[in-house]
Asker: 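To start, I am sharing the structure in question, which I have written as structure tokens.
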Amino acid sequence: MAAPLSTTISIDPSTRTRFTIVTPLTFTHRNFSIHCTASESIPQTPPTSTTSNTKNKKNNNKNSSLFDQLSPLANTTLSNTTSKDQSYVLSKPKSTWVNPTKQKRSVLSQQRHKRVPYSYSPQLRDFKLFAQKLNDSGDSEAEFLACLGEIPHELTRENALLILNSLKTWQKTLLFFNWIRTQNSLPMETIFYNVTMKALRFGRQFGKIEELAHQMIDEGTQPDNITYSTIITCAKKCNLFDKAVQWFERMYKTGLMPDEVTYSAILDVYAKLGKVEEVINLYEKARATGWKPDNITFSVLGKMFGEAGDYDGIRYVLQEMKSIGVQANLVVYNTLLEAMGKAGKPGFARSLFEEMIDLGISPDEKTLTALIKIYGKARWSRDALELWDRMKENRWPMDFFLYNTLLNMCADVGLVEEAETLFRDMKQSEHRKPDSWSYTAMLNIYGSEGNVDKAMKLFEEMSKSGVELNIMGCTCLIQCLGKAMEFDGVVRVFNVAVERGVKLDDRLCGCLLSVVSLSHGSKHEENILACLQQANPKLVAFIQLIVDEETSFETIKEEFKNIMSSAAVEVRRPFCNCLIDICRNKELQERAHELLYLGTLYGLYPSLHNKTANEWRLDVRSLSVGAAETALEEWMWTLTKIVRREGTLPELFLAQTGSGTHKFAQGLNISFASYLRKLDAPFRQSEEKVGSFIATRKDLVSWVQSKFPSGAIAT
DNA sequence: ATAGGGTTAG
């Protein structure tokens with residue numbers, strides 16, 4: 001989803017750490033400031049979910065939200081915490097009571113529903129057989145009802161429940177439920193509704209569940225915690241989060257207190273809505289009344305913080321577990337591992353895994369999938385291979401997800417042969433035939449490696465064996481063919497994708513855009529542009545605009561903003577990089593500088609410049625070759641200006657291109673080095689750090705002075 | 001699935 005692109009200050013309360021400060025930045029053609037460390041902001045998270053409660057606040061209490069209802073409780077149970085408190089994690093002291101003897105009002109019931117075992121029925125065997133017969137009956141209502149005529153004995157409460165629980169489709173459960181109702185021989189207890197609702201939930205029939213709920217309310221059968229938690233989790237399963245919240249609030253309004261099951265279910269609903277503050281609020285309110293959360297709650301919290309990439313949140317969960325004395329189980333470890341990965345902490349994931357092994361908890365497929373994925377994304381090939389060996393050694397469980405994750409990991413760290421072996425094994429296996437994910441991983445590997453022949457062979461193989469080509473496989477292929485300058489192949493693959501109805505996304509457009517820049521000067525440029533025209537006509541129109549020297553900067557700025565606003569966040573920088581390359585190919589250097597300026601202005605290059613008193617650093621690691629050259633030129637112009645007016649300069653200048661730790665990474669450092677030579681700039685390749693270029697102030701100043709006659713420098 | 005809550009691949 002595209003986040004809005006904005007030129008105003010944006011402080012999104014849901015992202016606690018992300019503030020963007022706009023400082024005035026003057027811009028004149030040809031005279032670019034490189035001090036663009038501040039940026040106009042593009043919010044990274046769509047501002048969607050944070051305001052839903054304020055909407056309800058104005059309504060009367062008939063429709064008031066849960067938080068309004070709970071706020072009097074909050075005032076009495078929580079001290080010195082405001083809901084706007086940004087530092088809820090770790091720094092907040094545990095709640096302190098003003099009056100510890102005063103009874104705190106509860107937000108949840110500590111008592112769970114007691115399970116009543118079924119009483120013995122002498123007709124159990126007969127009814128089990130009868131249930132079997134009903135399951136085997138035809139699916140039509142008539143057949144089912146005919147079968148019901150053969151009921152062996154009069155229906156008791158226990159036997160009715162037995163049958164309700166034994167029917168295998170929700171349709172039959174519902175028919176049987178309605179039949180009991182019409183028989184009128186048994187009082188309709190809550191448990192009948194609950195069992196039926198559970199069957200409906202299995203079939204994701206939220207509408208039917210709601211009908212039943214209204215029906216029971218109408219006839220005066222009280223819904224209990226089991227009813228509500230079933231309704232809420234069904235809504236959740238059907239992605240009807242508003243409905244889940246609605247039913248939870250309804251429950252409060254009827255005066256029924258949720259127990260811990262319902263409570264953790266609703267915590268999960270708010271977590272899935274991304275309402276982190278609300279979840280913490282509810283969690284702490286319940287904690288304050290003495291509730292002892294269990295592993296399920298911690299799994300919900302861990303998942304939520306993982307989705308938010310919030311490392312502090314994950315630490316908060318670990319700390320809470322420790323202080324409450326709850327030992328994590330396998331599910332919690334799996335969730336927290338996954339969360340550590342999302343928060344970008346592979347090292348902590350590794351220690352968490354070792355901690356779990358030391359405790360004697362055996363990893364399952366999900367554990368290993370999470371960890372292999374993390375090592376792959378972090379490019380920790382040694383850890384990934386070590387873990388892979390341990391998996392084989394210990395015969396830890398493997399499944400299809402794990403196989404495909406291993407393939408993806410191989411793609412991430414550049415293990416071509418290992419991937420080929422695994423892929424071959426999968427083909428030879430009975431139950432783990434490669435699917436579209438597996439093929440995509442292999443296409444990714446061959447694509448990154450630039451192995452056109454093997455990639456195309458896989459492509460043909462997929463068509464033959466009927467494995468669907470998905471958007472990512474398609475993008476990998478196009479990228480691979482483009483880099484190999486096989487533009488006819490690009491067009492062919494693109495057309496196949498369109499024919500098969502692959503939905504074209506922004507990444508594919510970015511890929512095509514890079515092919516456009518590569519095809520410059522060849523007879524194929526028009527054909528590639530025609531593909532892009534189909535995928536994203538606005539982008540093609542923008543290219544036409546930027547390559548026309550007559551277009552004013554104001555127009556470029558406006559259209560740039562439009563293009564980037566509607567593009568997915570992750571493709572904005574690649575788009576800008578490619579557009580700069582296209583301009584430089586056509587020797588439209590000035591336009592290239594304008595685009596780099598705009599990219600910087602809109603925060604697409606947030607860490608391009610780093611300055612300390614001793615060192616100025618240009619970090620071009622996320623730039624394309626053309627964009628990196630443009631950035632270097634701009635840097636040098638600024639230095640020239642500063643030298644001219646005899647401003648202060650640091651001792652050291654450093655340009656970083658990255659060493660290309662990725663096995664497949666194409667050498668930006670090589671092209672950057674040759675451009676430095678072309679400019680005859682006094683940067684030297686650092687000996688200890690590959691991909692770093694260093695220059696001293698002395699050398700740079702004399703270089704600047706030699707480029708400009710001394711008279712020109714005097715002011 | 002045996003009346004209710006949590007975790008796996010771009």
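Given the structure is predicted, the values throughout are model-derived calculations rather than measurements. Letters go in sequence order (proteins before strands), and every chain restarts at 1.
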Asker: Kindly indicate whether the side chain of A:Asn329 and the base of B:dG6 share any N or O donor-acceptor pair separated by less than 3.5 Å?
Answerer: yes
Asker: Just to be sure I understand the rule, does A:Thr262 reach a base, reach only the sugar-phosphate, or reach nothing, if contact means heavy atoms closer than 4.0 Å?
Answerer: base
Asker: For B:dG6, does OP1 or OP2 lie under 4.0 Å from any side-chain N or O of A:Lys366?
Answerer: no
Asker: Give me the ring orientation class for A:Phe127 and A:His153: parallel if the planes are under 30° apart, tilted from 30 to 60°, perpendicular past 60°.
Answerer: tilted
Asker: What pairs of residues pass the salt bridge (charged side-chain N to carboxylate O under 4.0 Å, His left out) test when at least one of them lies in residues 162-178 of chain A, not counting sequence neighbours?
Answerer: A:Asp139-A:Lys172
Asker: Just to confirm, is there a sub-4.0 Å distance from OP1 or OP2 of B:dA3 to any side-chain nitrogen or oxygen of A:Asn165?
Answerer: yes
Asker: Can you see if the side chain of A:Lys236 gets near the phosphate of B:dG6 - specifically, an N or O under 4.0 Å from OP1 or OP2?
Answerer: yes
Asker: Would you indicate which nucleotide in B:dA9, B:dT7, B:dT8 comes nearest to any side-chain atom of A:Asn334?
Answerer: B:dT7
Asker: Is it possible for you to check whether A:Arg250 lies under 6.0 Å from the centre of the six-membered ring of A:Trp247, through NZ or CZ, and within 45° of that ring's axis?
Answerer: yes
Asker: For A:Ser622, check side-chain contact (heavy atoms from CB on, under 4.5 Å) against everything at least two apart and list the hits.
Answerer: A:Arg573
Asker: Report yes if the ring of A:Trp437 lies under 5.5 Å from the six-membered base ring of B:dA9 with planes under 30°, and no otherwise.
Answerer: yes
Asker: From B:dT7, B:dG10, B:dG5, pick the nucleotide closest to the side chain of A:Glu260?
Answerer: B:dG5
Asker: Considering every strand and a 4.0 Å limit on heavy-atom distances, what is the contact class for A:Ile374: base, sugar-phosphate, or nothing?
Answerer: nothing
Asker: Hey, does the side chain of A:Arg201 come within less than 4.0 Å of B:dG5's phosphate (OP1/OP2), counting only N and O?
Answerer: yes
Asker: Answer yes or no as to whether B:dG5 has its base stacked against A:Tyr263, where stacking requires a ring-centre separation under 5.5 angstrom and planes under 30 degrees apart.
Answerer: no
Asker: Is a donor-acceptor contact shorter than 3.5 angstrom present between the side chain of A:Asn444 and the base of B:dG10?
Answerer: no
Asker: Would you mind classifying the nucleic acid contact of A:Thr227 as base, sugar-phosphate or nothing, using non-hydrogen atoms under 4.0 angstrom?
Answerer: nothing
